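Remarks on the structure that follows.
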Amino acid sequence: IPIFSLTQAANDNKQADIATSLIFAWPLEIKADGKERSEISVFVRDNNGRGLPEKEVSLSASTGDIQSTQSATDSQGKIVFYISSTTNGVA
């Protein structure tokens, strides 16, 4: 009886891939009252779609204030930001 052994190569790819990384915001519209905020989730992934932990991410916006309670991606490659604004417009 033959014995087969399958092993998976270690993922040494630590480079983020823009094609597999994701960014989501919800809600898409908020009041410009400085109180309402939209949650922006960023998923940093490698070229195989695997989340990359401990990656620093920065966001900027044309209007509004962006805040984060994290300094880097979590174990799944996710980091969350929040945006609020007192100025009407698209950020």
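Note that the structure is predicted; figures quoted are calculated from it, not measured. Any value given below was found using the heavy atoms of this structure, including those in side chains, with hydrogens, waters and symmetry copies removed.
Here the side chain of Asn48 pairs no donor or acceptor atom with the backbone of Arg50 at under 3.5 angstrom. In this structure, the side chain of Thr63 does not engage the main chain of Ala91 through any donor-acceptor pair within 3.5 Å.
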Solution key, residues 17-28 side-chain donor-acceptor pairs under 3.5 Å, sequence neighbours excluded:
unit_1	atom_1	unit_2	atom_2	d
Asp17	OD1	Ala19	N	2.9
Thr20	OG1	Asp17	O	3.4
Thr20	OG1	Asp46	O	2.6
Ser21	OG	Asp17	O	2.8
Ser21	OG	Arg45	N	3.0
Ser21	OG	Arg45	O	3.4

Under 3.5 Å, which donor-acceptor pairs do the side chains of residues 80-89 form with other protein atoms, sequence neighbours left out?
unit_1	atom_1	unit_2	atom_2	d
Ser85	OG	Thr87	N	3.0
Ser85	OG	Thr87	O	3.1

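Heavy-atom minimum distance, Thr73 versus Pro53: OG1-C, 3.3 Å. Minimum interatomic distance between Glu39 and Ser41 (heavy atoms only, all atoms of both residues): OE2-OG, 3.6 Å.
Side-chain atoms of Asp74 and Ile79, non-hydrogen and from C-beta on, never get closer than 4.5 Å to each other. Using a 4.5 Å cut-off on side-chain heavy atoms (C-beta onward), Ser71 and Glu56 make no contact.
The environment of Lys55 atom NZ is dense: over 12 non-hydrogen atoms of other residues, nucleotides or ligands sit within 6.0 angstrom.
Residues passing the side chain to side chain contact (heavy atoms under 4.5 Å, CB included) test with Glu36, sequence neighbours excluded: Ile30, Lys31, Asp33.
Val57 is not connected to Phe43 by any chain of hydrophobic side-chain contacts under 4.5 Å among Ile, Leu, Val, Met, Phe, Trp and Tyr, and they are in different clusters.
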